Amino acid sequence: MNPLRNLHLLPRLWPMLRRHPQLALLAVLLLLGWYAAELYYLRPQLSYLGTPQATTLHPATWSRTLRNDGFLLGYSDLRSNPLWVSYKLTPVAKDAKRLKRPQRFKRDWRTLTMVGHDDYRGSGFDRGHLAPNYAISRLYGRGAQLDTFLMSNITPQRPKLNQKLWQRLEEIEVDVFARRFGSLWVTTGPIFDGKIERMKSAMRVEIPDAFYKLYAAPPKKTGDAPQLLAFIIPQGVKGTEALDRFVVSVDEVEQRTGLDFFHILDDQQEQQLEAKQGGSSWRLKEVANRPGRY
DNA sequence: TTTGGTGT
């Protein structure tokens, strides 16, 4: 249920609050409790070592956290783009229920600009999922699948990137990495540098220059360090490139996005891990040239 | 099995 749809009930509450001011206190306490549950219980279940934090005062790096079934997302109403999306992958069971792909993408009523399916029509850009349909729907069910088709989870991607290189990455992360490590946290989003470019449709969605993908495999023993692997992939790829060409450090993603990832890591460990490029445990070479499906 | 487009 969308709480915004019930705003018209507010004026009717006023006379009641005047008679029983203690109700206002109760309402405030309930709101605080709900927000505390969001911050300390619900969001941590959908993110690893903290949600990405803006490191600049630039409003274009600010985002509102939207919680969905199976994934968490930081949305920028200024850019009409999600700035980060995080989800947890585990191996998909062979008998996981196959869910039909919805025909259309849906407007997300929680966003201010409420971008719709048709705002991307004729733009030359695909509606690119950040939280992927396949893995999320198999792991978390129909409700989660429908959430991945919300336009708040969508960003403009060139067809060759979306249908080729991004698809290869999405296949490898769940079929290879999640299987190998048992569980894998993914954080992904767009990168904007320099000049602001927007789509011509009414909602003027801003067009990213590149995209990042961060993989974090939690340590087997507590106290050990997680394994990290980071990519930056430009819009202009052909789609057939070897994936290892795009490996970067987490630090580089942080510089290009103005976000701080995994901020709960202890500072010394964070500095060491994030300066490094992905280690050998990913065995990326084995899959870097795996062909796409399309 | 996993990405999308168009037109109705």
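Proteins come first, then strands; the chains are lettered A, B, ... in the order of their sequence lines, and each starts at number 1. Source: prediction; values computed, not measured.
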From OH of A:Tyr134 across to P of B:dG4 the rounded distance in Å is 15 Å

How would you label the contact of A:Gly292 with the nucleic acid (heavy atoms, under 4.0 Å): base, sugar-phosphate, or nothing?
-> nothing

Nearest-angstrom distance from the residue atom CZ of A:Arg179 to P of B:dT1 | 15 Å

Using the test ring-ring contact (aromatic ring centres under 6.0 Å, His included), find all partners of A:Phe181 that sit at least two apart in sequence or belong to another chain.
-> A:Trp282

Side chain to side chain contact (heavy atoms under 4.5 Å, CB included) with A:Ile264: which residues, sequence neighbours excluded?
-> A:Leu49

Just checking, any donor-acceptor pair under 3.5 angstrom between side chains of A:Ser76 and A:Trp62?
-> no

Do any of residues 152-176 of chain A sit with a heavy atom less than 4.0 Å from DNA chain B, and if so which?
-> A:Asn162, A:Gln163, A:Gln167, A:Glu170, A:Glu171, A:Asp175

A:Arg121, nearest nucleotide to its side chain (from B:dT6, B:dG4, B:dT3) = B:dT6

A:Lys213 NZ - B:dT3 P separation (whole Å) = 11 Å

Integer-rounded Å distance: B:dT1 C1' and A:Leu139 CG | 13 Å

Considering only NZ, NE, NH1 and NH2 on the basic side and carboxylate oxygens on the acidic side, decide whether A:Asp77 and A:Arg64 come within less than 4.0 Å.
-> yes

Does a donor on one side chain and an acceptor on the other come within less than 3.5 Å for A:Glu170 and A:Tyr134?
-> no

With respect to the phosphate group of B:dT3, does any side-chain polar atom (N or O) of A:Arg127 fall under 4.0 Å of OP1 or OP2?
-> no

Where do A:Gln167 and A:Asn162 land on the side-chain hydrogen bond (donor to acceptor under 3.5 Å, both in side chains) test, with the steps shown first?
-> CA-CA 6 Å; A:Gln167 185 277 329; A:Asn162 182 40; over 6 Å; no

Could you tell me the separation between the CD1 atom of A:Ile136 and the P atom of B:dT1, rounded to a whole number of Å?
-> 21 Å

Rounded distance (Å) that lies between atom P of B:dT3 and atom CG of A:Leu99 | 12 Å

Counting just side-chain N and O atoms, does A:Arg101 come under 4.0 Å of either OP1 or OP2 of B:dT1?
-> no

Value in whole Å for how far the P atom of B:dG4 lies from CG of A:Leu130 | 10 Å

Please report the closest heavy-atom contact between A:Tyr120 and A:Ser123, naming both atoms and the distance.
-> O-OG, 2.8 Å

Could you check A:Ala135 against A:Phe125 and say which one's nearest nucleotide on DNA chain B is further toward the 5' end?
-> A:Ala135

Round to the nearest Å and state the distance from A:Arg138 atom CZ to B:dT3 atom C1'.
-> 14 Å

